[in-house]
Amino acid sequence: FQGSIGGAALAPNLTVQSCIITGVDQEGVVSQSNGLSVLNCTIFNSASNTAAYHGCVQVAGVTGVTVKNSVLMADGNAVRVGLYWDATTTFTELDYNDYYATGGAALGRKLGVASYANIADLRAADGGDANSTDADPLCVDPSNATLANRDFHVKSTFGTWNGAGWTRYSVDSPCIDAGNPASSYS
């Protein structure tokens, strides 16, 4: 996805699954409908829009929200956040995610309360994310100036597929085998 907003969930019980969302000027996924699920996604929010807070996943006034096995990367300034929610939102499951914030961005923000710069504070605020991390996911090239050349494959000492062959790196991404072990991998 690319544009002003990556995806807007206007219908209830929408699932956003196995996707990459990047190059958006505001939110990655925004919902004001109950039952949103974001599963196995990589969302990179690095836009220059500084008018208001924008989350990789942004929800308000909804119930039954699930975000799991996903990478939420926020970069750029203090209004960029991985997860953005309000006091009336309830989560069904928040877990096995990697939140990564750079350039003054935050891992998460609860509307009207605070922004959270580390995983311990985020866990205390959102009531979930027991198995989530706040580590650099070590993507190959997530911020290439040319959107089409951004590469969200994670680095591996065994090799990362580059479209034509395998490239070995000197590091392993903390996201490798870090998802919920009970989740389907097929």
Value rounded to 0.5 Å, distance of CG in L72 from SG in C56
5.0 Å

Measuring from atom CD1 of I176 to atom CZ of F158, what distance do you get when rounded to the nearest 0.5 angstrom?
9.0 Å

Treating T89 as the side-chain partner and G61 as the backbone partner, does any N or O pair qualify as donor plus acceptor under 3.5 Å?
yes

Pair N180, N131 - check side chain to side chain donor-acceptor pair (under 3.5 Å), show working.
CA-CA 8 Å; N180 185 335; N131 297 290; over 6 Å; no

Kindly determine whether M73 and T42 satisfy side chain to side chain contact (heavy atoms under 4.5 Å, CB included), including the steps that lead there.
CA-CA 8 Å; M73 297 183 287; T42 298; 3.9 Å; yes

So, N34 side chain and T63 main chain: donor-acceptor pair closer than 3.5 Å or not?
yes

Separation between CD1 of I119 and OG of S132, rounded to the nearest 0.5 Å:
5.0 Å

S183 OG to N40 CG distance, which is reported to the nearest 0.5 Å
6.5 Å

CG (D177) with more than 12 external heavy atoms under 6.0 Å
no

Shortest non-hydrogen separation from S31 to L36 and the atoms involved
CB-CD2, 3.7 Å

Which class fits the ring pair Y116 and W85: parallel under 30°, tilted 30 to 60°, perpendicular over 60°?
parallel

Identify the heavy atoms of N118 and L107 that sit nearest to each other, and give their distance.
C-CD1, 3.3 Å

Flag, side chain of D172 to backbone of T157, donor-acceptor distance under 3.5 Å:
yes

Hydrophobic cluster mates of Y96, side-chain heavy atoms under 4.5 angstrom, ILVMFWY only, any path?
none

Is it the case that the side chain of T15 and the backbone of Q17 share a donor-acceptor pair, with hydrogens and angles ignored and the cut-off at 3.5 Å?
no

Distance check, rounded to the nearest 0.5 Å: R150 atom CZ versus I20 atom CD1?
11.5 Å

For V57 and Y84, what are the C-alpha separation, side-chain angles and deciding distance, and is it a side chain to side chain contact (heavy atoms under 4.5 Å, CB included)?
CA-CA 6 Å; V57 174; Y84 185 53; over 6 Å; no

Closest non-hydrogen contact found for G28 with I43 is CA-CG2, 3.9 Å

Qualifying salt bridge (Lys or Arg N to Asp or Glu O under 4.0 Å) pairs with a residue from residues 113-124, counting only residues at least two apart or across chains:
none

Spell out, yes or no, whether V140 and Y100 are grouped together once hydrophobic residues are joined by side-chain heavy atoms under 4.5 Å, including indirect joins.
no

So do the side chains of D126 and L83 get within less than 4.5 Å of each other, counting heavy atoms only?
yes

Going by heavy atoms in the side chains, are C41 and V16 under 4.5 Å from each other?
yes

Would you name the heavy atoms of K155 and C139 that are closest together and state the gap between them?
CE-O, 3.6 Å

Side chain of N162, backbone of A164: donor and acceptor closer than 3.5 Å?
yes

Under the side chain to side chain contact (heavy atoms under 4.5 Å, CB included) rule, what do V65 and T90 come out as? Steps first, then yes or no, please.
CA-CA 6 Å; V65 176; T90 61; over 6 Å; no

Contact summary for L39 and S70, nearest pair of heavy atoms:
C-OG, 3.8 Å

Could you pull out the closest heavy-atom pair between S173 and P137, with the gap in Å?
OG-O, 2.5 Å

With clusters defined by side-chain heavy atoms of hydrophobic residues (ILVMFWY) lying less than 4.5 Å apart, directly or transitively, does F152 cluster with L138?
no

Side-chain heavy atoms under 4.5 angstrom apart, residues restricted to Ile, Leu, Val, Met, Phe, Trp, Tyr: same cluster for F44 and V154?
no

So how far is it from N97 CG to D129 CG, rounded to the nearest 0.5 Å?
5.5 Å

Enumerate the residue pairs fulfilling salt bridge (Lys or Arg N to Asp or Glu O under 4.0 Å) with a member in residues 81-104, sequence neighbours excluded, ordered by first and then second residue.
K68-E93

Side-chain touch V71/C175, heavy atoms, less than 4.5 angstrom:
yes

